[in-house]
> 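Mind having a look at this structure? Questions to follow.
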Amino acid sequence: MSIRTIGIIGGGQLGRMLAMAAARLNFTTIILEPQADCPAAQVANAQIVAAYDDPAALAELAARCDVVTYEFENVPVVAAEALQRSVPVHPPARALDIAQDRVTEKRFLNGCGIETASFHAVDSQDDLEQALADFGGRGVLKTRRLGYDGKGQRVFRGSADSAAGAYAALGGVPLILESFVAFEREVSVIAARAADGNIVSYDPAENVHRDGILHTSTLPARITVSTAAAARESAARLLAAMDYVGVLGMEFFVMADGSLIANEIAPRVHNSGHWTEAACVVSQFEQHIRAVTALPLGDTRRHSNCVMTNLIGDDIGEVPAWLARPDVLVHLYGKTESRQGRKMGHVTALTGPKMAS
Ligand code: AMP
């Protein structure tokens with residue numbers, strides 16, 4: 001059956017950019033999102049205004065679409081599983097299940113032979129104190145589920161740092177304590193897998209976070225050819241192990257010796273891949289649309305060096321200055337209200353042609 005209509009669960013900026021890429025290839029898109037006039041719906045063909053797990057809305061989405069995808073990893077797994085019974089869903093519900101829980105995710109990565117920080121599951125204040133003792137008082141405490149952009153995290157820097165009350169302070173929910181990774185830099189890889197098993201990936205980006213939120217992605221990353229190859233190879237191994245279809249983002253810590261420790265995966269297009277729309281012929285958004293609609297995957301080669309900068313909260317006021325620069329691609333998300341920490345748009349500055357490697 002040929003695919004004409006793509007359902008997208010989630011109405012944020014990632015859904016918006018997926019809908020724009022889909023439109024260029026003559027697909028129509030329907031967004032499922034409870035917030036009316038969301039960023040994605042502004043550029044899509046239709047919106048179903050309902051909760052992500054509303055059974056009637058999911059049935060309507062399945063009936064009106066030839067394939068369904070999603071733009072955020074906290075789509076209820078039961079919703080994706082229910083949809084999967086009547087319409088193809090890419091990436092598979094299993095990828096959501098793995099990515100929604102940091103402990104499950106790390107165990108899965110380790111099972112694929114991919115190194116992560118050491119960790120302990122923490123379900124009580126006692127667990128936390130034992131886990132911290134094991135890591136010499138240092139570590140990063142995170143919620144196992146629903147954390148993003150550094151929310152729901154606490155860093156312990158040594159035994160002088162009191163853990164009293166820390167379990168309750170993060171909400172009394174299941175937590176994970178990760179060993180503290182003294183990394184040199186952070187990189188991420190955007191990779192895609194097609195239903196026929198073909199896998200492609202983009203050059204790793206070097207990422208800088210501010211207040212737990214991605215600030216810039218810079219290409220090329222300051223890593224060796226072999227570190228870059230290892231990052232791409234890990235992403236490829238992960239995609240194959242999940243029988244994945246679509247684009248995935250994978251974040252790594254780079255150690256001083258060039259070795260990699262995987263931090264996090266996102267079963268979707270990723271903020272650290274936004275640069276691809278300016279510096280590659282086929283962006284991560286088009287790549288995802290190609291993968292989920294069974295079109296051939298596109299070329300991932302990068303033609304330019306670049307720096308992507310997120311516009312967060314009041315940064316939106318800098319848009320006139322960015323627009324005045326001839327080397328910058330400006331991308332805004334259609335959000336009328338700017339709030340502290342809210343992603344309002346991003347800009348990618350081309351910084352010169354990529355040198356032949
Ligand atoms: P995350 O939400 O897991 O992506 O973490 C947000 C940021 O916190 C990461 O990009 C790192 O800069 C930092 N971070 C997270 N986990 C660790 C860790 N185990 N050791 C050191 N820094 C970390």
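First listed ligand is number 1; within each ligand, the first listed atom is number 1.
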> Just heavy atoms, cut-off under 4.0 Å: does Asn207 contact ligand 1 by side chain, backbone, both, or neither?
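Neither; nothing of Asn207 gets under 4.0 Å from ligand 1.
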> Out of the candidates Asn45, Asp66, Thr5, only one should pair with Thr28 under the side-chain hydrogen bond (donor to acceptor under 3.5 Å, both in side chains) rule; please name it.
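In the set Asn45, Asp66, Thr5, the residue that makes a side-chain hydrogen bond (donor to acceptor under 3.5 Å, both in side chains) with Thr28 is Thr5.
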> When you compare the side chains of Ser283 and Thr276, does any donor N or O come within less than 3.5 Å of an acceptor on the partner?
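No, no side-chain donor-acceptor contact under 3.5 Å.
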> For the ring pair Phe135 and Phe119, is the centre-to-centre distance below 6.0 Å?
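Ring centres of Phe119 and Phe135 not closer than 6.0 Å.
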> Within ligand 1, which atoms have a heavy atom of Phe183 less than 4.0 Å away?
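Those atoms are 12 (O), 21 (C), 22 (N).
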> What orientation do Tyr333 and His274 show, parallel under 30°, tilted 30 to 60°, or perpendicular over 60°?
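It falls in the perpendicular class, over 60°.
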> For Ser179, counting its heavy atoms only, list the atoms of ligand 1 lying under 4.0 Å from any of them.
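Under 4.0 Å from Ser179, ligand 1 has these atoms: 18 (C), 19 (N), 20 (N).
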> Please could you name the atoms of ligand 1 that Val140 approaches to less than 4.0 Å, counting only its heavy atoms?
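So the answer, numbered in order with elements, is 17 (C), 18 (C), 19 (N), 20 (N).
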> Within the side chain of Asp211, is there an N or O that forms a donor-acceptor pair under 3.5 Å with the backbone of Ile213?
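Such a contact is absent between Asp211 side chain and Ile213 backbone.
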> Val181 versus ligand 1: do any nitrogen or oxygen atoms come within less than 3.5 Å of each other?
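It does: an N or O of Val181 is found under 3.5 Å from an N or O of ligand 1.
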> Evaluating non-hydrogen atoms only, which member of Gln153, His209, Glu186, Arg210 is closest to atom 11 (C) of ligand 1?
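Answer by nearest heavy atom: Glu186.
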